[in-house]
Structure formats: structure tokens, C-alpha cells
Amino acid sequence: MQIIRTIAKLRTALEGQASIAFVPTMGNLHAGHIHLVELAKQHAECIVISIFVNPLQFGPNEDLANYPRTLDADCEKLKATGAQIVFIPEVKEIYPDFDGVSLGQTMLITSPPIANMLCGAARPGHFDGVATVVMKLFNIVMPQVAVFGKKDFQQLFIIRELVRQFNLPIHIIAGETVREDSGLAMSSRNGYLTANQKSEASLLQQCLKNIVHHIQHDDTDFMGLSQSASQILTNQGWQVDYVSVRNALTLEAASTEDQCMVVLAAAKLGNTRLIDNIDFFR
Ligand code: PAF
């Protein structure tokens, strides 16, 4: 497995590759990421994984400085998958005009209005940062296939929009969320949880499952179901950003006509913001 740090060297290494599948990550890899790499292997001969903690997708009071960086362990895990290339650029390589504080002349992608709701409402500019780095990474790697996890459902939606609206010749594959035995969705941020919080954290998925159960048994009071789930979490000390039932294809608020749905939530347990979702058919 080659570890490559510059765009020029990556381009040279990728010359002549017949098929490339790409898995962008911010590192601190867990079983969820490895599942995405395994999916990628079904679609191309050359697998490229990027590890880049993208400063543009963090708000001023978020965890950019503390975001877990575990490069050696990440590379060991990736080597075991048989992946060919890990791309680990410095910030300057990706954003030459960014000095760590000011963006300078850095050009950003403006996400569509759907990016301002759900997670975007609590994290203004987050999806502009995601769309910008993903566009840059796509242009650098030029894969035929890219794999993203469904755990970040709104991110996956926005990346599909990026591909559609900028006519990118890239097939986006969605990987299922990998969970702990407790049901907690795997996430790099789970490492911030104390042992007690980790056992409490499965409540988020239980609340979502409960909503899905009700809807699949013909309850169409989407607002009421979301509010009760939100109340249960709040009563247990969570700070809820949202619990919402949406059309899984458009991310608009669900209507009683919808068949393909998703229930999504984001809430803070202590200082850790967790997100989760379940997509389902009615
Ligand atoms: O999901 C992530 O890890 C990041 O948002 C991504 C897609 C790698 C962009 O920085």
C-alpha cells in the first residue's frame, strides 16, 4: 500500500489505472470506514482512500483541534484491506490560499438550500465545506466510483446533488451504517463518550426505531412522533437538535403519500454531538 502526500505524486501513481474507487475519510478509522473500503473493492481494481481532516467543514466552536488523528493505526487497518493507495495531504496541499485563519482567495461551493436544514441548521457552512473538499478530492483522484456512508445521510444526499448538478462522471455508492452491539452507530466522535454515556447513547437509535415501527403500522403523525422522541431524549438529559421524518429521496418533510422515508436525528450527549438515521419503506 502506498502512502502519498502530494497531488502531483498521487496523479503519477494513478496514471494508467483502468478503474478507481475512492473512499474519502477524515481518519480515525473504525469498522464503518472499513466496510466502505470493502464495498469500494467490489467496484474497481485500484482503491484510493483519503485521510484529511477538512478545516472548512468545522464551525468556529467545533472540535477541529481535538478531532482524533490516528494516522499510524489508520494505515495499519487500511493495509489489511488490500487497498492500494492512501492519500494524506497537508492542509496547504488542498487549500493553498488558506492560512489557517483566513480563507484568502479560496473558492467555495455553495450548497443548495436543503443544506441549511437538519444538520446544516446547527452547523452553518458545514456542507459548503464538505462539498468543496469532496469536489477537490474528486478532481484530484478522478475516480469512477466513490463510496460514502449512510450514517451521514444528509451529506450523502448533498454529494449526490454535487455529482448531479456539476455533471460529474462518478457513481456514488452508499454504505450501510455499521453499529456497535448496542445499536450505537459507529462514529469517530464516539471516542469522546465516557463508558456511561456510551451505554446511554443507544437511546438515539431506539427512538428512531420506535418511530419507524409506528410509521410502518400506519401512524402518519410524523410531527407528533418526532416530538415524542425528542422529549424522551430531552428527559434523559440529551440536547436535541432535531428528530425529523423525511422523504428519503428529496429530504423534504415527509408527506402521507411517501413510501421511501428516512427518520433522522442529531442530539448532544454531554459535549458529544451524535447523529443517526434509519431509511425504510412504508
Ligand atoms: O464524512 C466524512 O468523513 C467527511 O465529511 C468527508 C466526506 C471525508 C469530507 O471531509
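Every number for a ligand or one of its atoms is a count from 1 in the order of the listing.
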Point to revise | side-chain hydrogen bond (donor to acceptor under 3.5 Å, both in side chains) against Glu176, all qualifying residues, sequence neighbours excluded | key: Lys150
Check your understanding: For Gln105, does the CD atom have more than 12 heavy-atom neighbours from other residues, nucleotides or ligands under 6.0 Å away?
Key -> no
Review point. Can you name the residues that form a side-chain hydrogen bond (donor to acceptor under 3.5 Å, both in side chains) with Gln227, not counting sequence neighbours?
Key: none
Check your understanding: Can we say Lys209 and Asp276 salt-bridge, meaning some charged N sits less than 4.0 Å from an Asp/Glu carboxylate O?
Key -> no
So what's ligand 1 close to, N/O to N/O, under 3.5 Å?
{"unit_1": "ligand 1", "atom_1": "1 (O)", "unit_2": "Gln155", "atom_2": "NE2", "d": "2.8"}
{"unit_1": "ligand 1", "atom_1": "5 (O)", "unit_2": "Gln57", "atom_2": "NE2", "d": "2.9"}
{"unit_1": "ligand 1", "atom_1": "5 (O)", "unit_2": "Gln155", "atom_2": "OE1", "d": "2.7"}
{"unit_1": "ligand 1", "atom_1": "10 (O)", "unit_2": "Gln57", "atom_2": "OE1", "d": "2.6"}

Review point. Sequence neighbours excluded, which residues qualify as side-chain hydrogen bond (donor to acceptor under 3.5 Å, both in side chains) partners of Asp128?
Key: Ser111
Check your understanding: For the ring pair Phe166 and Phe138, is the centre-to-centre distance below 6.0 Å?
Key -> no
